[in-house]
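Quick notes on the structure that follows.
What you are looking at is a predicted structure, and each value in this text was computed from that prediction instead of being measured. Chain letters run A, B, ... following the sequence lines, proteins first and then strands; every chain starts at 1. Both backbone and side-chain heavy atoms feed into the values below; hydrogens, waters and symmetry mates do not.
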Amino acid sequence: MIRTRLKEIVDDCFRAGVRENQWSDAAADKYTVEVPKHENQGDFSTNMALVLAGIEKKNPREIAAQVVERLKNVQELIERVEIAGPGFVNVTIKESVWQQLLKEIDDQQESYGRSDFGGNRRVMVEFVSANPTGPLSIGHGRQAILGDGIARLLEATGHDVYREYYYNDAGRQMRVLGESVRARYLELIGRDHEFPEDGYQGEYIYDIARKLVETEDQSLADCESVDPFKQAAERTIFEDISTTLKRMGITFDNYYNEQSLYENGHVDSVIKELTDKGLVYEKDGATWFKTTELGQEKDRVIIKSSGEPTYRLPDIAYHREKFRRNFDWLVDIFGSDHIATVPDVRAGVEALGYDSSKITVVLHQFVTLMRDGKQVKMSTRKANFITVDELLDEVGVDAARFFFMMRKPDSQLEFDLDLATKESQENPVYYVQYAHARVCSIVRQAVEKGVALPTTADADLSLLVEPEEVGLLKQMGSFPTLIESCAMDLEPYRVIFYLMELAGLFHSYYNKHKVISDDSALSRSRLCLISGLRTVFGNGLKLVGLSAPEKM
RNA sequence: GCGCCCGUAGCUCAGCUGGAUAGAGCAACGGACUUCUAAUCCGUAGGUCGCACGUUCGAAUCGUGCCGGGCGUACCA
């Protein structure tokens with residue numbers, strides 16, 4: 001990676017300055033090497049002189065001059081070094097360095113952009129985790145794509161990723177679900193029934209009940225327990241959910257259920273341990289967790305006076321199990337409505353002797369669905385919501401993935417159905433895919449015209465001197481760095497922005513320059529560039545789970 | 001009330017953890033297909049970065065206080 005190599009050179013320069021008492025080493029690790037905003041500011045820029053000047057109380061431009069003197073003598077990589085603005089040192093890289101990048105891409109192919117910097121660390125990504133009370137909603141869709149994007153990034157950077165889906169099958173929600181199914185079942189067989197006040201009203205409840213009538217006939221009419229209804233609902237709904245997820249290309253290594261935490265005694269043992277540590281007490285018939293002793297504002301109920309635990313308790317037990325299962329890093333993807341559980345879980349595992357800093361929580365904001373310029377209001381219980389399945393029917397998998405991933409998690413996501421449905425033009429999904437298809441088309445043309453596809457060895461890469469070509473090379477060269485930083489920050493949306501930018505550069509280039517021409521030497525060089533682009537577009541698209549069509 | 005997130009072009013959003021002249025896409029307007037796919041390109045226009053102080057060589061970015069929106073603040077998950 002070119003930036004990394006340059007950073008090493010700049011670091012050497014810094015250390016040499018320290019050795020010769022030009023400056024102290026107080027600025028070590030404080031300065032950066034970055035890509036500047038404007039084109040006339042070189043390929044990379046370091047703020048070392050500015051940082052040093054702040055510490056040493058010296059004139060930044062004077063220090064910059066010293067930095068320049070040192071870098072000037074470096075033969076490797078560097079074409080030109082200059083001082084700019086308040087004291088930036090701008091470095092221009094030799095064109096040949098960019099051109100040689102194509103060899104690297106050619107060698108690495110599918111693995112260009114991948115790295116092993118994760119060191120095979122075992123990381124669990126927990127996401128979706130929707131309770132099986134109904135079809136996946138739009139909000140779950142965002143989470144599914146976000147979590148999957150994060151998982152893919154971590155895989156690409158050498159982490160050992162385990163995807164897990166956690167669901168609550170023990171609580172009140174599922175009981176209400178079972179009661180809702182029972183009511184519909186009784187209704188269908190013509191018995192008296194009372195629909196629960198806060199029951200689930202969706203049409204899918206009838207479907208489940210209808211199935212029960214088919215398989216069980218009237219045998220459940222006088223059944224005391226809701227369990228058969230609950231189980232039937234859970235089974236059917238889960239089938240639906242996993243079908244939907246598969247449609248989006250998402251699979252899990254494991255589904256973990258709350259019930260098992262009770263069956264295996266994990267919940268009890270959490271209570272016991274916390275009690276032993278004096279962090280639990282009884283009040284008003286409920287059991288409380290002394291979170292105030294762990295830095296929070298108030299204590300929290302972990303077992304209700306009814307005897308049922310609150311969500312906190314199994315959540316803590318579950319996270320302790322994650323630690324016990326020997327993961328090095330726990331990534332939780334939650335909707336922002338679940339934010340309240342985060343401090344409780346952290347406090348809980350911390351109290352149980354685990355290092356909560358190994359948990360990273362990615363919270364994402366809500367999705368608002370827009371149709372005809374107006375917001376579509378939704379509620380799961382009332383069942384007037386658009387499911388992920390319906391969305392996929394309407395806009396397709398690629399558009400759904402693209403739109404869900406396009407925004408940073410902190411922002412509310414406005415999903416414009418009209419825009420995503422549009423088959424063309426304004427729809428940004430096609431912009432990137434079209435770039436890939438175009439690249440593939442050029443390759444096809446070359447083959448048809450009998451132009452042998454060159455390897456980087458038998459092309460003169462020094463012919464790639466057009467500004468658009470060098471610009472493309474630079475963008476292609478930053479791909480591996482980008483993937484690493486996206487993975488580290490758990491931000492798949494930036495991959496989308498990168499690809500859009502690369503596509504923009506390519507489309508401009510395409511409109512201005514001909515790849516296959518009478519000049520066979522030039523054609524060969526440009527075909528190498530095109531072939532590199534195909535690799536980067538293909539790798540990038542696949543990395544975020546989008547298809548890379550060869551024709552459109 | 002308190003906690004977290006958001007506020008940047010008419011709309012939807014970037015802005016790489018404090019840098020150099022504020023960036024895209026869409027919408028608007030004007031151009032480019034006998035030439036590797038026009039699902040594309042080129043150009044024009046569009047801004048008190050919510051407001052006000054503060055921190056410093058330098059702030060959209062950091063701090064404080066307001067304003068506006070979202071989500072929490074359950075013996076719901």
Using atom [atom1] of each nucleotide, how far apart are [N] and [M] to the nearest Å?
| N | M | atom1 | answer |
| --- | --- | --- | --- |
| C29(B) | G68(B) | C1' | 34 Å |
| U61(B) | U8(B) | P | 14 Å |
| G23(B) | G46(B) | C1' | 13 Å |
| C13(B) | C6(B) | C1' | 12 Å |
| G31(B) | C36(B) | C1' | 23 Å |
| C49(B) | G10(B) | P | 13 Å |
| U35(B) | U17(B) | C1' | 47 Å |
| A28(B) | A9(B) | C1' | 13 Å |

What's the closest nucleotide to the [X] side chain, out of [options]?
| X | options | answer |
| --- | --- | --- |
| Ala340(A) | U12(B), C75(B), A77(B) | A77(B) |
| Pro86(A) | G19(B), C41(B), C6(B) | G19(B) |
| Glu414(A) | C36(B), A20(B), C13(B) | C13(B) |
| Arg494(A) | U40(B), C75(B), G15(B) | G15(B) |
| Asp410(A) | C76(B), C36(B), C6(B) | C6(B) |
| Asn168(A) | C75(B), A74(B), A77(B) | A77(B) |
| Lys514(A) | A74(B), C36(B), C41(B) | C36(B) |
| Gln445(A) | C75(B), C36(B), A77(B) | C36(B) |
| Ser508(A) | A14(B), C42(B), C5(B) | C42(B) |
| Ser336(A) | C71(B), A77(B), C5(B) | C71(B) |

Without hydrogens or angle criteria, can the side chains of [X] and [Y] be said to hold a donor-acceptor pair below 3.5 Å?
| X | Y | value |
| --- | --- | --- |
| Asp11(A) | Tyr31(A) | yes |
| Gln433(A) | Asp398(A) | yes |
| Arg407(A) | His364(A) | no |
| Ser517(A) | Arg526(A) | no |

Rounded to the nearest Å, what distance is computed from the [atom1] atom of residue [X] to the [atom2] atom of nucleotide [N]?
| X | N | atom1 | atom2 | result |
| --- | --- | --- | --- | --- |
| Arg407(A) | A14(B) | CZ | P | 6 Å |
| Asp198(A) | A77(B) | CG | P | 13 Å |
| Leu413(A) | G69(B) | CG | P | 21 Å |
| Tyr167(A) | C76(B) | OH | P | 22 Å |
| Met500(A) | A39(B) | CE | P | 18 Å |
| Glu468(A) | C41(B) | CD | P | 13 Å |
| Phe497(A) | C13(B) | CZ | P | 10 Å |
| Phe506(A) | U40(B) | CZ | C1' | 10 Å |

My understanding is that a pair needs two contacts under 3.5 Å, Watson-Crick or G-U wobble. By that rule, which nucleotide pairs with [N]?
| N | result |
| --- | --- |
| G25(B) | C11(B) |
| U64(B) | A52(B) |
| C4(B) | G70(B) |
| C41(B) | G31(B) |
| G18(B) | none |

Query raised in the report: Starting at the 5' end of RNA chain B, which residue's closest nucleotide do you reach first, His338(A) or His38(A)?
Result: His38(A)
Requested in this report: Specify the residue among Lys298(A) and Glu258(A) whose closest nucleotide of RNA chain B lies further upstream toward the 5′ end.
Outcome: Lys298(A)
Verify the contact: side-chain N or O of [X] to OP1 or OP2 of [N], cut-off strictly under 4.0 Å; return yes or no.
| X | N | answer |
| --- | --- | --- |
| Arg438(A) | A38(B) | yes |
| Tyr493(A) | G15(B) | yes |
| Lys37(A) | C16(B) | no |
| Ser129(A) | A77(B) | no |
| Lys30(A) | G18(B) | no |
| Tyr509(A) | C42(B) | no |

When all nucleic acid strands are considered with a 4.0 Å heavy-atom cut-off, which category describes [X]: base, sugar-phosphate, or nothing?
| X | value |
| --- | --- |
| Val443(A) | nothing |
| Ile530(A) | nothing |
| Thr368(A) | nothing |

Run the salt-bridge test on [X] and [Y] with the 4.0 Å N-O cut-off and return the result as yes or no.
| X | Y | value |
| --- | --- | --- |
| Asp299(A) | Lys283(A) | no |
| Glu126(A) | Lys322(A) | yes |
| Glu308(A) | Arg172(A) | no |

**Report entry** Min side-chain heavy-atom separation Gln296(A)-Asp344(A) under 4.5 Å
**Finding:** yes
Query - Any side-chain heavy-atom pair of Phe44(A) and Lys7(A) under 4.5 Å - result: no
Query raised in the report: How should the glycosidic conformation of C41(B) be described, syn or anti, under the criterion that syn lies within 90° of 0?
Result: anti
Query raised in the report: Is the glycosidic torsion of U17(B) within 90° of 0, making it syn, or is it anti?
Result: syn
Query raised in the report: Side-chain donor or acceptor of Tyr430(A) under 3.5 Å from a matching atom on the base of A39(B)?
Result: no
Requested in this report: Spell out yes or no: do the side chain of Asn90(A) and the base of A20(B) have one donor N/O and one acceptor N/O closer than 3.5 Å?
Outcome: yes
Report task. Compare the aromatic ring of Phe88(A) with the six-membered base ring of A20(B) and state whether they stack according to the 5.5 Å and 30° rule. Result -> yes
Query raised in the report: Looking at Leu505(A), Leu464(A), Leu463(A), which hits side chain to side chain contact (heavy atoms under 4.5 Å, CB included) with Glu469(A)?
Result: Leu464(A)
